[in-house]
Amino acid sequence: MTQDASAELAALHRDGLLAARYPRVRGLLAELDDAGLARAGHLLARLDADEVLAAHPDTPAPLVAVTGHGTLSALPPALTAQAARHGLLARVELSDFDSWVFDLVSPDSALYSRRPTFVLCLLDAALVADELPLPWTAEDAERVLGQKVDLVERAAEVFTRAAPGATLVLNTLPLPRELTAQLVDLRSRARLGAAWREANARLLRLAERWPQTVTVDLDPLLAEGLPARDVRQSVYAKAHLSPELLAAYAREVGHLLRQSSGGGKKVLALDLDGTLWGGVLGEAGPEGIEVAGGYRGEAFQRFQRVARQLSAQGVLLAAVSKNDLEPVVKVLRDHPELALREADFVQVRADWRPKHENLTELAADLNLSVDSVVFVDDSSFERGLVRRELPGVAVVAVGDEPARHVGDLLRDGWFDVRELTAEDRARPARYRQERARRDFLDDFDSLEGYLRELGVTVTVAPATAGQLARVSQITLRTNQFNLTTERLQTADVQALSQASDADVLAIASGDRFGDNGLVGAVLLHRDGDTVRVDNFLLSCRVFSRGIEQAVLAAVLADARATGARQVLGRYVPSAKNGKVADFYPRSGFTAVPGPGDGPGELFRHDLAQVPEPPEHIRLTARLRPEPGGNDTP
């Protein structure tokens with residue numbers, strides 16, 4: 001399969017068809033090993049980004065600027081391949097050798113003028129070693145380390161002001177034995193080791209002060225056995241980080257690129273036989289499957305525990321198995337050694353239908369895009385079928401060695417977020433509430449009667465400081481009810497909330513079955529007598545309950561009450577937000593003719609007749625901060 005994918009990729013390149021068939025690349029790369037990805041990166045790095053975008057204008061194309069201390073020519077191909085694995089087109093621009101200080105500390109540098117989405121600043125141990133005196137002591141190294149981290153902190157401060165909305169990616173510094181071994185007394189070595197780790201800790205804490213900064217910790221990558229450097233390339237070419245380490249770093253950055261483009265995953269769909277436990281339940285029975293006893297059973301239980309750990313942080317677990325439902329449920333309920341229980345899953349789908357059909361229905365039942373799913377299976381046949389039928393699903397291959405299952409699952413950080421919120425932790429419980437709501441719906445002959453009895457409550461108010469990270473997350477992870485699909489980091493949302501002419505409104509909801517939490521946001525700004533809705537977002541969990549109509553009614557009423565003459569809203573179509581294409585026309589807006597002043601379609605409401613909120617909604621709307629209150633961050 002890998003050879004077939006590599007051959008097809010090479011043929012597309014040879015025939016000049018890579019740009020025209022770029023969406024196909026994602027599926028091909030999913031089948032490649034690390035060596036194949038490295039080769040693919042060199043092919044993809046030669047692509048003309050403008051040619052790809054001309055053929056596929058909806059392709060997310062982040063501009064990634066790369067700067068740093070050493071030679072980094074091996075990084076752009078690796079980044080290009082990792083971005084393509086996630087359906088992205090990375091436009092990578094490499095700065096001149098060792099230009100990172102000028103690039104980042106000078107607000108008028110060429111780097112800032114390019115307005116990149118991401119800036120990667122690669123640092124290495126030679127940054128310190130090259131400035132040590134001869135002879136040198138541990139105290140000398142400690143002094144140089146402090147100076148370098150001070151400089152990096154200064155760069156992060158300038159970056160935050162000069163590149164609002166962009167992300168600065170740094171990394172920790174590997175400590176080479178070649179450096180520590182030059183100190184012959186063990187006390188000095190210990191002092192150097194402590195100082196080095198303290199410097200790395202300062203780098204890792206930078207995001208606490210500068211939220212636009214992310215520091216990739218290289219220690220976990222090195223602990224996997226990767227070489228920190230190739231000594232000949234380091235000495236002769238000044239390439240102080242090994243190609244293998246740069247490739248692993250590129251994979252980590254690929255996760256960040258995916259998150260920033262709305263490619264976050266929410267559902268972990270697990271096969272059972274051979275994946276969650278050993279053996280075939282239908283053949284071995286509950287007593288014969290490998291769950292905990294023996295060395296293989298312990299490996300499977302380790303995988304179960306990791307799945308449960310992810311669930312505790314907001315990942316929705318589902319079981320998708322070719323099995324009879326009754327024995328599967330019995331095992332999940334009663335097996336004494338299983339680390340997961342039926343209650344840990346938002347759905348258990350055990351039948352004999354094709355798995356891609358079950359995954360499609362699973363996503364629909366959860367009101368999510370199927371692209372939100374990560375599917376794990378030990379069967380190459382099942383994985384291949386899902387890849388072919390559902391190319392947006394992330395497919396994780398696990399093999400016959402269960403000890404490797406955890407590493408295979410975690411390798412790509414499918415569920416990583418910049419900051420975990422209370423809403424994330426509560427997500428599995430809230431989706432389980434949805435099952436109760438669906439059962440409740442079955443008792444009614446009409447949707448109207450169901451909504452009346454559901455008792456939906458909605459609160460819309462200025463976002464508090466504690467809600468800004470969640471609002472950012474909604475812009476990053478919501479695709480279906482997202483009228484412009486503009487992605488904002490927490491720092492961007494914070495800047496909007498502090499602007500005198502803008503409002504960041506948080507939407508919370510609940511009903512008789514529980515609190516849904518913060519489920520949406522409206523971003524507004526005032527332009528004279530016009531209120532502009534910059535974006536309107538709502539979680540897919542709460543579609544079709546009238547919440548969006550209630551919130552828009554509150555926005556329109558507030559605009560009229562504060563003297564506005566009109567409200568303008570923009571809809572920018574994407575591959576996933578087609579279901580809200582008519583949201584503004586259905587809400588009394590009319591299309592504004594002409595090309596407009598931005599992408600998409602512009603709509604206008606003249607405020608002559610402001611709609612009332614739906615009768616079944618209990619709405620609390622307070623769009624203005626109370627005098628002397630603490631609503632503003």
Side-chain angles (χ1 to χ4, degrees), residues 1-2 5 22-34 36-37 40 59-60 81-90 250-271 275-276 303 306-307 310-311 313-321 346-347 349 354-364 366 368-399 404-417 424 427 476-480 540 575-576:
M1 184 70 74
T2 295
Y22 193 74
R24 171 68 179 139
V25 171
R26 179 181 186 177
L28 294 174
L29 297 185
E31 302 176 24
L32 298 183
D33 56 17
D34 288 345
L37 277 175
T59 304
Q82 291 298 331
R85 288 181 63 235
H86 301 299
L88 311 177
L89 175 68
R251 185 178 287 267
E252 298 297 311
V253 174
H255 307 166
L256 294 172
L257 298 179
R258 183 186 69 241
Q259 295 163 30
S260 70
S261 65
K265 305 294 184 180
K266 299 178 182 178
V267 182
L268 176 56
L270 298 170
D271 169 54
T275 299
L276 195 67
F303 182 69
V306 169
L310 294 175
S311 175
Q313 298 169 89
V315 175
L316 306 176
L317 295 186
V320 179
S321 173
V346 293
Q347 282 196 25
R349 289 180 166 265
K355 290 191 176 181
H356 68 272
E357 293 181 4
N358 269 319
L359 291 173
T360 300
E361 292 182 6
L362 167 68
L366 297 175
L368 293 170
S369 164
V370 75
D371 291 359
S372 300
V373 176
V374 176
F375 172 61
V376 185
D377 202 307
D378 67 311
S379 166
S380 60
F381 171 79
E382 300 291 355
R383 296 194 304 265
L385 189 60
V386 169
R387 279 198 183 107
R388 187 187 73 190
E389 298 296 327
L390 303 174
V393 169
V395 178
V396 175
V398 292
R404 300 186 186 279
H405 282 16
V406 169
D408 293 335
L409 171 61
L410 299 180
R411 189 181 187 206
D412 273 305
W414 293 115
F415 305 105
D416 290 357
V417 294
D424 292 320
R427 185 180 298 113
L476 293 170
R477 303 185 71 176
T478 300
N479 293 305
Q480 296 180 70
C540 50
K576 298 179 182 179

Problem - Within-4.5 Å side-chain heavy-atom neighbours: Arg26 and Pro391 - result: no
Problem - His356 backbone acceptor or donor facing Thr360 side chain under 3.5 Å - result: yes
Exercise for the section: Report the C-alpha distance between Lys355 and Leu385 in whole Å, list the side-chain angles of each, state the deciding distance to 0.1 Å, and finish with yes or no for side chain to side chain contact (heavy atoms under 4.5 Å, CB included). Expected result: CA-CA 8 Å; Lys355 290 191 176 181; Leu385 189 60; over 6 Å; no
Practice task
Starting at OG of Ser380, measure out to CZ of Arg387 and round the result to the nearest 0.5 Å.
Solution key: 9.5 Å
Practice task
Can you measure from CG (Asn358) to OG (Ser321) and round to the nearest 0.5 angstrom?
Solution key: 9.5 Å
Completion exercise
To the nearest 0.5 Å, atom CZ of Arg251 lies from atom CD of Gln82 at 4.5 Å
Practice task
Please examine the side chains of Arg85 and Leu32, heavy atoms only from C-beta on, and report whether any two atoms are closer than 4.5 Å.
Solution key: no
Handout entry: Derivation and outcome, side chain to side chain contact (heavy atoms under 4.5 Å, CB included), residues Val374 and Phe415
Key = CA-CA 9 Å; Val374 176; Phe415 305 105; 3.6 Å; yes
Exercise for the section: Give me the one residue out of Leu268, Leu310, Val346 that meets side chain to side chain contact (heavy atoms under 4.5 Å, CB included) with Leu316. Expected result: Val346
Completion exercise
Output for pair (His405 NE2, Leu410 CG), nearest 0.5 Å, gives 12.5 Å
Handout entry: Ala307 backbone acceptor or donor facing Ser311 side chain under 3.5 Å
Key = no
Practice task
Applying side chain to side chain contact (heavy atoms under 4.5 Å, CB included) between Leu270 and each of Val398, Val396, Val376, report the one that passes.
Solution key: Val376
Problem - Arg24 and Leu28, any side-chain heavy atoms less than 4.5 Å apart - result: yes
Fill in the blank from the handout: Heavy-atom closest pair (Gln480 atom, Leu368 atom, distance to 0.1 Å) is NE2-C, 3.5 Å
Exercise for the section: For residues Val267 and Leu366, determine if any side-chain heavy atom of one lies less than 4.5 Å from a side-chain heavy atom of the other. Expected result: yes
Handout entry: Gln259 side chain reached by Asp416 side chain, heavy atoms, under 4.5 Å
Key = yes
Exercise for the section: Identify whether the distance between the nearest side-chain nitrogen and carboxylate oxygen of Asp34 and Arg411 falls below 4.0 Å. Expected result: yes
Practice task
Heavy atoms only: give me the nearest Leu409-Trp414 pair and the separation to one decimal.
Solution key: O-CD1, 4.1 Å
Problem - Basic-acidic side-chain contact under 4.0 Å: Asp412, Lys265 - result: no
Practice task
Kindly indicate whether the side chain of Leu390, heavy atoms from C-beta on, has any atom under 4.5 Å from the side chain of Asp371.
Solution key: no
Problem - 4.5 Å side-chain heavy-atom contact, Ser261 and Leu88 - result: yes
Exercise for the section: Verify, without hydrogens or angle tests, whether Arg383 (side chain) and Asp377 (backbone) share a donor-acceptor contact under 3.5 angstrom. Expected result: yes
Handout entry: Asp378 backbone acceptor or donor facing Thr275 side chain under 3.5 Å
Key = yes
Practice task
Using atom types as modelled and distance alone, determine if a side-chain donor or acceptor of Tyr22 lies under 3.5 Å from a backbone N or O of Gly87.
Solution key: no
Problem - Heavy-atom side-chain contact between Asp271 and Val320 under 4.5 Å - result: no
